[in-house]
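Note that the numbering runs from 1 along the sequence shown for the chain. Every heavy atom of this structure was used, including side-chain atoms; hydrogens, water molecules and symmetry mates were not.
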Amino acid sequence: MMDFINLPLVLVILCAVGFVTWIIDIFVWKKDREAAIADLQGQYPNRKQRGSDDKKAYKKAVKDLKVEPGLVKEIRAMFPIVLIVTIVRSFVVEPFQIPSSSMEPTLDIGDFILVNKYTYGIRLPVIRTKVLDIKEPKTGDVMVFFPPNDKRYFIKRVIGVPGDVIEYKDKVLTINGVEQPLEALAYSTFDPYRRKLFNEDLKGVNHKTFMIPSRPIKDFKETVKPGHYFMMGDNRDNSSDSRVWGQVSENNIVGRAYAVWMHWESWTSLPDFSKARWIK
């Protein structure tokens with residue numbers, strides 16, 4: 001789970017304010033300034049005479065009229081920057097921070113990740129309507145999305161795609177009747193949660209998972225509905241995922257997480273760029 005701030009909506013609103021201000025300035029305020037300058041010409045008949053008092057006074061009066069109001073000037077200056085940020089975040093790449101342990105050991109609390117916004121198609125900001133198909137999520141992808149009936153960003157791994165039959169029994173995952181290989185790995189015996197580390201081969205995608213052998217988990221068998229995806233955290237026994245709130249609609253997809261670019265656990269620590277890595 002990732003803390004929810006509707007930044008896309010904020011950026012779209014700022015872009016709209018900047019654009020409207022720019023248009024009004026061009027077609028209304030600027031014309032008013034030009035009309036006022038034309039009126040000044042009659043007040044200073046000797047404005048073209050070199051060294052005359054009229055010329056000096058006219059130049060100063062025109063300069064004052066041409067100056068945009070402070071707020072308008074600031075908005076016009078910020079508009080291109082906000083527009084570029086909005087386009088990049090909406091259609092190219094967006095950063096997120098990991099606030100929970102549900103994706104350990106793949107992603108740690110404090111990891112700052114990059115999410116590709118166009119891998120699964122181009123979507124409009126805020127309303128998230130897809131306007132261009134590119135690829136569909138595949139088993140093993142690490143994906144950011146909105147879970148059913150929730151406006152917060154979540155990040156989990158795609159376990160099942162439409163039509164897959166997912167079965168989880170004795171903490172072993174089976175997809176369409178094929179058991180996904182699970183290999184126990186050496187891990188610290190001092191883990192406070194008594195977790196065991198495993199390598200899971202998820203349809204050819206090798207990644208690490210945590211499990212707590214002593215913690216009972218309900219077995220299940222489920223078919224993934226059309227246009228939906230079954231999501232699970234890599235920290236299998238400590239993850240709120242599709243086992244809890246159901247399958248994720250294609251309409252709720254945000255993008256594919258592909259890299260960790262920085263680790264910064266808290267404001268009392270320094271950012272750590274040594275943990276930058278690709279997400280598997």
Side-chain angles (χ1 to χ4, degrees), residues 1-8 10-11 81-82 84-120 125 137-138 140-147 150-159 182-202 204-212 215 231-241 253-280:
M1 179 183 71
M2 288 178 278
D3 294 335
F4 175 74
I5 298 176
N6 201 338
L7 188 56
V10 173
L11 290 173
I81 299 173
V82 175
I84 292 171
V85 171
T86 301
I87 291 173
V88 171
R89 289 181 65 101
S90 299
F91 305 113
V92 183
V93 65
E94 185 171 1
F96 291 95
Q97 182 186 12
I98 303 299
S100 75
S101 62
S102 68
M103 279 298 290
E104 290 181 347
T106 303
L107 298 171
D108 299 322
I109 296 175
D111 280 346
F112 282 72
I113 66 171
L114 295 176
V115 175
N116 188 313
K117 299 296 292 289
Y118 60 84
T119 296
Y120 304 135
K138 64 180 186 296
D141 285 357
V142 177
M143 189 167 77
V144 174
F145 57 92
F146 295 100
D150 201 324
K151 293 183 178 181
R152 295 172 297 176
Y153 294 102
F154 274 56
I155 181 168
K156 308 290 179 186
R157 191 176 296 275
V158 179
I159 300 299
L182 200 64
E183 176 189 3
L185 301 174
Y187 185 63
S188 171
T189 57
F190 299 103
D191 184 82
Y193 305 105
R194 298 180 180 178
R195 298 175 299 188
K196 300 293 183 182
L197 183 64
F198 295 85
N199 183 79
E200 183 177 63
D201 184 348
L202 194 59
V205 177
N206 285 279
H207 66 100
K208 293 179 175 59
T209 64
F210 274 141
M211 296 184 195
I212 305 175
R215 179 176 295 180
M231 313 298 299
M232 291 175 69
D234 289 347
N235 197 353
R236 289 288 165 78
D237 294 329
N238 189 24
S239 172
S240 175
D241 48 39
I253 292 175
V254 175
R256 182 179 66 85
Y258 68 93
V260 175
W261 66 276
M262 180 182 73
H263 181 84
W264 193 7
E265 194 159 338
S266 68
W267 292 104
T268 59
S269 62
L270 294 175
D272 183 359
F273 295 94
S274 67
K275 295 185 178 181
R277 62 193 184 277
W278 300 113
I279 296 174
K280 297 181 179 180

Closest non-hydrogen atom pair, [X] against [Y]:
X: S101; Y: N235; answer: O-ND2, 3.0 Å
X: V115; Y: I113; answer: CG2-CD1, 4.0 Å
X: S266; Y: S269; answer: O-OG, 2.9 Å
X: V82; Y: L11; answer: CG1-O, 4.0 Å
X: P137; Y: I253; answer: CG-CD1, 3.6 Å
X: K156; Y: M103; answer: CA-SD, 3.7 Å

>> Between F146 and Y153, does the side chain to side chain contact (heavy atoms under 4.5 Å, CB included) criterion hold? Intermediate values first, please.
In response: CA-CA 5 Å; F146 295 100; Y153 294 102; 3.3 Å; yes
Rounded to the nearest 0.5 Å, what's the gap from [atom1] on [X] to [atom2] on [Y]? Could you check?
X: N238; Y: M211; atom1: CG; atom2: CE; result: 13.5 Å
X: H207; Y: L202; atom1: NE2; atom2: CG; result: 4.5 Å
X: I212; Y: R194; atom1: CD1; atom2: CZ; result: 9.5 Å
X: T209; Y: N199; atom1: OG1; atom2: CG; result: 8.0 Å
X: L114; Y: R256; atom1: CG; atom2: CZ; result: 11.0 Å
X: I279; Y: T106; atom1: CD1; atom2: OG1; result: 8.5 Å

>> Between W264 and D272, does the side chain to side chain contact (heavy atoms under 4.5 Å, CB included) criterion hold? Intermediate values first, please.
In response: CA-CA 6 Å; W264 193 7; D272 183 359; over 6 Å; no
Close side-chain approach of [X] to [Y], heavy-atom, < 4.5 Å:
X: D108; Y: I98; answer: no
X: F210; Y: L197; answer: yes
X: P95; Y: R89; answer: yes
X: F96; Y: I155; answer: no

>> Could you work out, with salt bridge (Lys or Arg N to Asp or Glu O under 4.0 Å) as the rule, every residue matching R236, not counting sequence neighbours?
In response: E200
>> D111 vs R277, test: salt bridge (charged side-chain N to carboxylate O under 4.0 Å, His left out). Steps then yes/no.
In response: CA-CA 10 Å; D111 280 346; R277 62 193 184 277; 2.7 Å; yes
> What residues form a side chain to side chain donor-acceptor pair (under 3.5 Å) with K280, not counting sequence neighbours?
Replying inline: none
> Any side-chain donor paired with an acceptor under 3.5 Å for Y120 and D141?
Replying inline: yes
>> Please verify the inter-ring angle class for F112 with W261; under 30° counts as parallel, over 60° as perpendicular, anything in between as tilted.
In response: perpendicular
>> Apply side chain to side chain contact (heavy atoms under 4.5 Å, CB included) to residues K117 and F91 and explain how you reach the verdict.
In response: CA-CA 5 Å; K117 299 296 292 289; F91 305 113; 5.7 Å; no
>> Quick test of your reading of the model: are R157 and D234 salt-bridged, counting only N-O distances below 4.0 Å?
In response: yes
> Can you name the residues that form a ring pair (Phe, Tyr, Trp, His ring centres under 6.0 Å) with F198, not counting sequence neighbours?
Replying inline: none
> So W278 and Y258, side chain to side chain contact (heavy atoms under 4.5 Å, CB included) or not? Walk me through it.
Replying inline: CA-CA 6 Å; W278 300 113; Y258 68 93; 3.6 Å; yes
> Got a sec: does the OH of Y193 have more than 12 other heavy atoms crowding it under 6.0 Å?
Replying inline: no
